[in-house]
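The block underneath contains the structure these notes are about, expressed in structure tokens.
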Amino acid sequence: MPDPADRPSSDEDVTSHDEQTDQDESADETATEFTLDVEMPADALFDLEEYLEMYEVAAEPKRFKILVALADESRLSTSELSMLLDAEGNDLHYPLRRLTDVGLIENRRDPTTGTEEPYSYYELTEMARTILTEGVLEGVETLAAQEAALEDTYSK
């Protein structure tokens with residue numbers, strides 16, 4: 001039987017697991033906090049945090065593969081993506097939704113397919129094209145090239 005002396009004296013003393021996690025994350029952010037000196041246009045549609053979130057979402061491996069596939073093929077249905085990426089359609093549901101939520105892909109329907117049901121497909125947005133061509137893809141290629149140069153330097 002638990003000892004009553006071990007229990008908090010009031011509800012204010014009780015900290016939920018989520019609150020503790022938030023406090024821990026806040027402490028971590030404070031310890032490593034830095035500011036990005038990026039001047040955003042006054043009429044910008046997104047703020048810096050939203051742009052950074054787009055890069056974060058695009059950098060996850062499964063979502064990155066989806067973006068690259070869409071860049072190569074221009075528009076693909078979920079089943080076409082499943083075949084290209086060798087993944088189950090259900091495995092793509094969350095990554096596709098996440099990419100759509102941050103505005104990197106769009107889900108469209110084409111009713112003129114000659115079938116009873118419209119063809120539902122995904123396309124990259126211009127923001128996704130920019131992130132791929134001037135962000136994640138170029139960054140990964142640059143880092144890989146630098147890594148190869150470092151390996152050559154240190155392996156001699």
- Could you walk me through whether Ile66 and Leu76 pass the side chain to side chain contact (heavy atoms under 4.5 Å, CB included) check? CA-CA 10 Å; Ile66 291 169; Leu76 294 167; over 6 Å; no
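Atom CD in Glu49 sits 12.0 Å away from atom CE in Met54 (nearest 0.5 Å). Rounding to the nearest 0.5 angstrom, the gap separating the CG atom in Leu84 from the CG atom in Leu92 is 10.5 Å.
Only one option out of Val57, Leu132, Ile131 pairs with Leu67 in a side chain to side chain contact (heavy atoms under 4.5 Å, CB included); it is Leu132.
What you find for Arg63 and Pro95 is that their closest heavy atoms are CG-CB, 3.6 Å. The nearest pair of heavy atoms linking Arg75 to Glu80 is O-OE1, 4.2 Å. Contact record, Tyr122 with Leu70: O-CD2, 3.3 Å, taken as the closest heavy-atom pair. Of all the heavy atoms in Ser77 and Ser120, the pair that sits closest is CB-O, 3.3 Å. The two residues Leu96 and Thr100 come nearest to each other via the heavy atoms O-OG1, 2.8 Å. Leu104 and Ala128 get closest at one heavy-atom pair: O-CB, 3.0 Å.
At least one test fails for Arg108 against the ring of Tyr121: distance under 6.0 Å to the centre or angle within 45° of the axis.
Within 6.0 Å of the CG atom in Asp72, the count of heavy atoms belonging to other residues, nucleotides or ligands exceeds 12.
The shortest distance between side-chain heavy atoms of Leu85 and Lys62 does not fall below 4.5 Å.
A salt bridge does not link Arg129 to Glu123: none of the charged nitrogens lies less than 4.0 Å from a carboxylate oxygen.
In this structure, Tyr55 is a member of the same hydrophobic cluster as Leu99, with clusters built from ILVMFWY side-chain heavy atoms closer than 4.5 Å.
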